[in-house]
Amino acid sequence: MGNLRFLTAGESHGPGLTAIIEGLPAGLPLSKEDINPDLKRRQGGHGRGGRMKIEKDQVEFHSGVRWGETLGSPLTLWIANDDAPNWTGKMSPDAADKDPSIMISRPRPGHADLVGVLKYDREDIRDILERSSARETTVRVAVGAVCRKFLSEFGIDILSHVVRLGEIQAPAVSPDVNLAALRENVEASPVRCADPETSARMVKHIDQVVHEKDTLGGILEIITTGLPVGLGSHVQWDRKLDCRIAAAVMSVQAMKGVEFGLGFEMAARRGSHSHDEIHHDGANFYRLTNNAGGLEGGMTDGMPLVVRVAKKPISTVRKGLQSVDMKTLESSKSTYQRSDVTAVPAAGVVLEAVIAFVLADAMLEKFGGDSLRETRSNYSSYLKQLHEARIFRGTSAGDQQDSF
Ligand code: EPS
């Protein structure tokens, strides 16, 4: 791994969040308008808390872009926290501002609070929660938007939708998925669910849980179309694309499970009802099913990539959970501070972003290039090679790539 890499920095109530991305080719057209709409999508969703009324997440470029194109140098992204002026003393880097009276000592079960203070030897849980907060996903969405722009140059498109929110399950989406049609319904839904009737039930479910002072998790499905055959590799464990995608999605705060295609359901099926049988129409190989979710042997097989991820309920529960005060060791309810009731819809946008990063990395690993022109040229020559070998290159997305 590692043609493309990035690090993020920033605390939830510090001045802002930043990321440095390295390894992008020069000449990729890039503007704030490629990133800000995704930041806005991440802030949405029924069930978000008060913080999202304060923030208007907007990216700034601090290096790596000039006159609307990447330079091939490290790209620095910056997103200010609009809430920061309310936290200057509490988040001050100066020792003189230390105030023991505002320290948090009742850890939330399910959050990093207890393990973090033990491991890092801190007395204030805020020293841990500031960085473990899902606020960090803001800048990861910005990184993903840059990667998504790169992928769009090759006809690759990514969309997430909510398939489960708490007790409410959405009907399955057809394996013959048309992302444009799906996108219309998903973006119109306050919970990013493709089925309008289920979406309305999910909203009601959230409202009920707000009333009960509780939180909700769910399941996200992330679909990617337009991928060429052969990203990733079967030859080494850390080059397998399913391994890289699983690691990336599990790195997102609160994710607890991942599956590809039929995933866990395959465990109960026979082999004869599991695998995507291979056909040939005289010009291309094709499949009638996509149970593998677009990956065979750790490589893309030209079918849509279908990843499902389970998110646990947010651990900041308003009614409190059994905990222990770290100062007194007395039994006590966990601390509640402003939070979301559910961030499942927003999590889909974050998962799109982390998958976009892995796919952009895999594209650069396969096609290389210091400039976008060079990457395109290597990509075209691979498509030509596949064509000559009469190798299947995907469904309708493969046809788009032909004209490349
Ligand atoms: C978040 C901002 C945070 C939380 C949420 C995600 O803001 P604040 O802590 O000021 O309310 O709303 O964080 C968590 C869910 C978490 O577990 O920490 C955001 O921008 O997404």
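Remember, predicted model here, so these are calculated numbers, not experimental data. Indexing begins at 1, ligand by ligand and atom by atom, following the structure's order.
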- Any chance you could lay out the salt bridge (charged side-chain N to carboxylate O under 4.0 Å, His left out) test for Arg287 and Glu277, step after step, and finish with the verdict? CA-CA 6 Å; Arg287 324 283 182 124; Glu277 293 184 308; over 6 Å; no
- Across all chains, not counting sequence neighbours, the side chain to side chain donor-acceptor pair (under 3.5 Å) partners of Thr215 are none
- With sequence neighbours excluded, what pairs up with Phe367 under the ring-ring contact (aromatic ring centres under 6.0 Å, His included) test? Tyr379, Tyr382
- Salt-bridge test for Arg135 and Glu55: reply yes if a basic N is under 4.0 Å from a carboxylate O, no otherwise. yes
Under 3.5 Å, which donor-acceptor pairs do the side chains of residues 344-358 form with other protein atoms, sequence neighbours left out?
{"from": "Glu352", "atom 1": "OE1", "to": "Arg41", "atom 2": "NH1", "distance (Å)": "3.2"}
{"from": "Glu352", "atom 1": "OE1", "to": "Arg41", "atom 2": "NH2", "distance (Å)": "3.0"}
{"from": "Glu352", "atom 1": "OE1", "to": "Arg148", "atom 2": "NH2", "distance (Å)": "2.4"}
{"from": "Glu352", "atom 1": "OE2", "to": "Arg41", "atom 2": "NH2", "distance (Å)": "3.0"}
{"from": "Glu352", "atom 1": "OE2", "to": "Ser160", "atom 2": "N", "distance (Å)": "2.9"}
{"from": "Glu352", "atom 1": "OE2", "to": "Ser160", "atom 2": "OG", "distance (Å)": "2.7"}
{"from": "Glu352", "atom 1": "OE2", "to": "Arg192", "atom 2": "NH2", "distance (Å)": "3.3"}

- Query: About how many Å separate CD of Glu212 and NZ of Lys319, when rounded to the nearest 0.5 Å?
  - Reply: 6.5 Å
- With hydrogens left out, which residues have an atom under 4.0 Å from ligand 1, given that only heavy atoms count? His13, Arg42, Arg48, Arg51, Met52, His111, Ser133, Ala134, Arg135, Gln337, Arg338, Asp340
